[in-house]
Protein chains: 2
Amino acid sequence: MYVRCAACPLRVRPAFVQKSDEEVALIEAWKSDHLRLPAGAEFIRPEQTDAELFTLFSGWAFRYKELIDGRRQILNFALPGDLIGLQSSMFGKSLYGAVALTDIELCLLPRRKLGNLFERYPELGYEVTWLGARSESLVDENLLSAGRRGAAERIAALVAGLYKRAETLGLVEDGALELPLTQQHIADALGLSLVHTNKTLARLRAQKLFSISEGRLVVHNLRGVSRFAQHFEDDLAPRPMI
Amino acid sequence: MYVRCAACPLRVRPAFVQKSDEEVALIEAWKSDHLRLPAGAEFIRPEQTDAELFTLFSGWAFRYKELIDGRRQILNFALPGDLIGLQSSMFGKSLYGAVALTDIELCLLPRRKLGNLFERYPELGYEVTWLGARSESLVDENLLSAGRRGAAERIAALVAGLYKRAETLGLVEDGALELPLTQQHIADALGLSLVHTNKTLARLRAQKLFSISEGRLVVHNLRGVSRFAQHFEDDLAPRPMI
DNA sequence: GCCGGCCTATGTCATCCGACATAGCGACGG
DNA sequence: CCGTCGCTATGTCGGATGACATAGGCCGGC
């Protein structure tokens, strides 16, 4: 069923800037569809020329790039409230792909209205830019990991970052959250091989800072994880949601 | 001396979207200063709360993050016409630093006017967003390198990317351009050690696809470099310049 | 004119990480 | 029931990369 922005259960969460009824109505006018896609669906394809702009309403997704010989790099993970497809919408050709990790729901924000939006609702334009800048900051951090952290530190930094983001969204209960990533996803996000990821995860599990198993992440000592990974950035919140 | 936008020698280059006199006047009204900084100057500091927004007018610069133990990752290089500091301006605290590689000139675009700008000149707001998205696409590509390319491929991809960008700016002459990077910068940008970067550069030089020496990059075979690096993205041009 | 700092270069050795092989387990379908 | 597929796990081995040491060139300062 269609979810109207006025009745959106996501945007009222404390992670997000609370908007006036009028502002919500503007967003609702922009939103043209509410899509449901199964896990694994690719909703933006590399090279696609007519990719749209989306807000992830529920579930997890990721953006990725790959080399022609098949090596794949996950650029960042998206959680509910995240905007996906801004680059693709502005450049007229997507330089990356985007895939659902779980069954997801997407709010479709037609890109042909994007220019118009800036004209008519500058406040919304500003927030789009803000969300684009946040997306870049996530990639910045991942580049720091891939370039300068060792394997165990990379995994710990990923855990710390995702945990903090999930926490602002209220997805954490008793230090645990659903983590719909396979070890292959973790490897692809961190620039590691699958086998090495597996072995490093086993070693980390023995350290008892956190553990990943059966699709759940349990963090026993967030401070310890953050210190080990040298990951000290809090998630940016409250933030706009469109 | 101050450079007025109406007399800006940079924005008339073919890399950039050509603007009407009226549009240029808007930008000129935004620009509040024209700064000159020596090579090595850090014009955005990590954690800085009042970092401004800049357009790089001349010279080279880079953005970086670092871990507390000193390991440094260069996130991307900036060439003339690039916008630097959008994240910092929007978040109220910078998550990265920015440093001049050469003597540089910067156009200062006061961030306190940024919100106002979106309201009054939505077209400019749109272009700011476009430039932010382009900056993210550069980081995306660098993350692909750090995560999934081998050392020699990384260097080749860096060369291909910088060469293509320099070419659209008219900085290439006879297949060569000034490259103000030390091997330490290359290492920090690619997630390699200095020594390994040096040895890999020597091996690449022997292959004669390109060579870096004495502050110059000479590309003998761009196709070959691109193929070896699996780097096939052209620079986005013409693009807005603010 | 000498010293020190920065950059590049090169050798040796240690380590991290990747490649390949194998195996167990659960889900799913014929 | 059985075969396949996706995911996790573990061992062995080799290769890519990092760490440490040393050296030479260049340049600027005193």
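Letters A, B, ... mirror the listed sequences (proteins, then strands); counts begin at 1.
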Student: Assign a letter to each nucleotide of nucleotides 21-26 of chain C from its 5' end: B, base within under 4.0 Å of a protein heavy atom; S, sugar-phosphate only; -, no contact.
Tutor: ------
Student: Which residues satisfy the side-chain contact (heavy atoms from CB on, under 4.5 Å) test with A/Leu179, sequence neighbours excluded?
Tutor: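 Counting only residues at least two positions away or on another chain, A/Leu179 forms a side-chain contact (heavy atoms from CB on, under 4.5 Å) with A/Trp60, A/Leu162, A/Leu177, A/Leu181, A/Ile212, A/Leu217.
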Student: Can you tabulate the close N/O pairs, meaning under 3.5 Å, that link protein atoms to atoms of nucleotides 27-29 of chain D?
Tutor:
none

Student: Taking salt bridge (charged side-chain N to carboxylate O under 4.0 Å, His left out) as the test, write out the residues that go with A/Lys164, two or more places apart.
Tutor: none
Student: For A/Phe62, what residues pass the ring-ring contact (aromatic ring centres under 6.0 Å, His included) criterion, not counting sequence neighbours?
Tutor: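 Here the qualifying residues are A/His185.
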Student: Looking at residues at least two apart in the chain, or sitting in another chain, which of them share a salt bridge (charged side-chain N to carboxylate O under 4.0 Å, His left out) with B/Glu52?
Tutor: none
Student: Test of understanding: with side-chain hydrogen bond (donor to acceptor under 3.5 Å, both in side chains), list the residues that count as partners of A/His34, not counting sequence neighbours.
Tutor: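 Applying side-chain hydrogen bond (donor to acceptor under 3.5 Å, both in side chains) to A/His34 gives A/Lys31, A/Glu105.
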Student: Report which part of the nucleic acid B/Gly191 touches: base, sugar-phosphate, or nothing (heavy-atom distance under 4.0 Å, all strands).
Tutor: sugar-phosphate
Student: Taking salt bridge (charged side-chain N to carboxylate O under 4.0 Å, His left out) as the definition, give me every residue that meets it alongside B/Arg45, ordered by chain and number, with sequence neighbours left out.
Tutor: none
Student: Sequence neighbours left out, what pairs pass side-chain hydrogen bond (donor to acceptor under 3.5 Å, both in side chains) with at least one residue falling in residues 197-212 of chain A?
Tutor: A/Gln183-A/Asn198
Student: For B/Pro38, check side-chain contact (heavy atoms from CB on, under 4.5 Å) against everything at least two apart and list the hits.
Tutor: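 B/Ala41, B/Asp103.
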Student: Angle between the end axes of the helix from C/dG1-D/dC30 to C/dG30-D/dC1, five pairs per end, to the nearest 10 degrees?
Tutor: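 Overall, the helix from C/dG1-D/dC30 to C/dG30-D/dC1 bends by 30° from one end axis to the other.
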Student: With sequence neighbours left out, what residues match A/Arg11 under salt bridge (charged side-chain N to carboxylate O under 4.0 Å, His left out)?
Tutor: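 A/Arg11 satisfies salt bridge (charged side-chain N to carboxylate O under 4.0 Å, His left out) with no residue once adjacent residues are dropped.
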